[in-house]
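Heads up, the thing below is written out as structure tokens.
Note that ligands are numbered from 1 as they come in the structure, with each ligand's atoms numbered from 1 the same way.
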Amino acid sequence: MRVLVVEDEETLREQLAERLRAAGYAVDCAANGQDGEHIGLEYPIDAAIVDLGLPDKSGSSVIAAWRAGQKAFPVLILTARGRWEDKVAGLEIGADDYLVKPFHSEELLARLRALLRRAAGFSQSRIECGPLLLELGAKRVSVGGRELELTALEYKVLEYLMLHAGNVLSKSDLTEHIYEDDSERDSNVLEVIIGRLRRKLDPDRELNPIETIRGRGYRLRLARTSEEG
Ligand code: CA
């Protein structure tokens with residue numbers, strides 16, 4: 001999952017980025033509204049965290065520009081204590097939730113997870129696809145009750161496949177949601193990760209959970225069984 005942080009206070013921005021990366025997200029950062037607006041419009045962002053008090057333009061106008069550009073990813077706004085007018089303006093313009101500074105990073109992560117789940121149409125923190133069970137909070141995966149040892153990259157790829165179970169995901173779509181940096185993107189790496197996931201998920205080759213769709217990408221073949229509104 002790829003998260004954009006728009007925050008002009010350098011210390012807070014870097015702390016947030018570090019905390020989010022440690023939690024397994026790919027992170028893009030912007031120090032002002034203009035850059036934030038551009039990244040949100042041009043890159044495949046899954047969620048954004050936006051400080052409303054930015055030096056060049058308001059966070060609300062950044063969100064308004066995204067919504068005008070048909071970008072529907074969830075947005076969590078950060079406000080200074082006492083600035084309730086900003087918060088209302090931000091929510092009216094299309095933000096999904098807010099946090100008042102200062103906040104605990106655990107609170108931010110919990111809100112973010114909730115927004116991402118809601119955006120993906122889940123009310124639960126677990127996704128089941130046939131015998132596969134993925135617990136978003138604990139980042140745990142099991143197959144038929146057998147817990148798997150996955151690397152961070154393997155987990156990210158599987159989580160994205162399971163969130164979009166049944167849909168064909170192109171290699172570039174997958175890599176863009178997993179890596180924040182262009183230089184790291186390499187479809188050979190993705191192929192290796194998919195190969196390892198297949199062996200771990202399906203050591204006896206009975207399940208064939210991840211299909212290769214020739215010329216198009218990959219698809220998790222197992223349907224979601226835990227979908228709730
Ligand atoms: Ca600020």
Open item on the list: Just to verify, what does N167 make a side chain to side chain donor-acceptor pair (under 3.5 Å) with, not counting sequence neighbours?
Closed with: none
Open item on the list: Which heavy atom of K200 sits nearest to which heavy atom of E149, and what is that distance?
Closed with: NZ-O, 2.9 Å
Task: I77 versus A95, closest heavy-atom pair with distance - done: CG2-CB, 3.7 Å
Task: Check against salt bridge (Lys or Arg N to Asp or Glu O under 4.0 Å), E42 and K71 - done: CA-CA 10 Å; E42 299 299 326; K71 299 295 177 184; over 6 Å; no
Open item on the list: Over 60° means perpendicular and under 30° means parallel, so tell me whether H38 and Y43 are parallel, tilted or perpendicular.
Closed with: perpendicular
Task: Protein-derived N, O or S atoms lying under 3.0 Å from the Ca ion (ligand 1), waters excluded - done: 3
TODO: Please check if L133 and L207 belong to a single hydrophobic cluster, counting links between Ile, Leu, Val, Met, Phe, Trp and Tyr side chain heavy atoms closer than 4.5 Å.
DONE: no
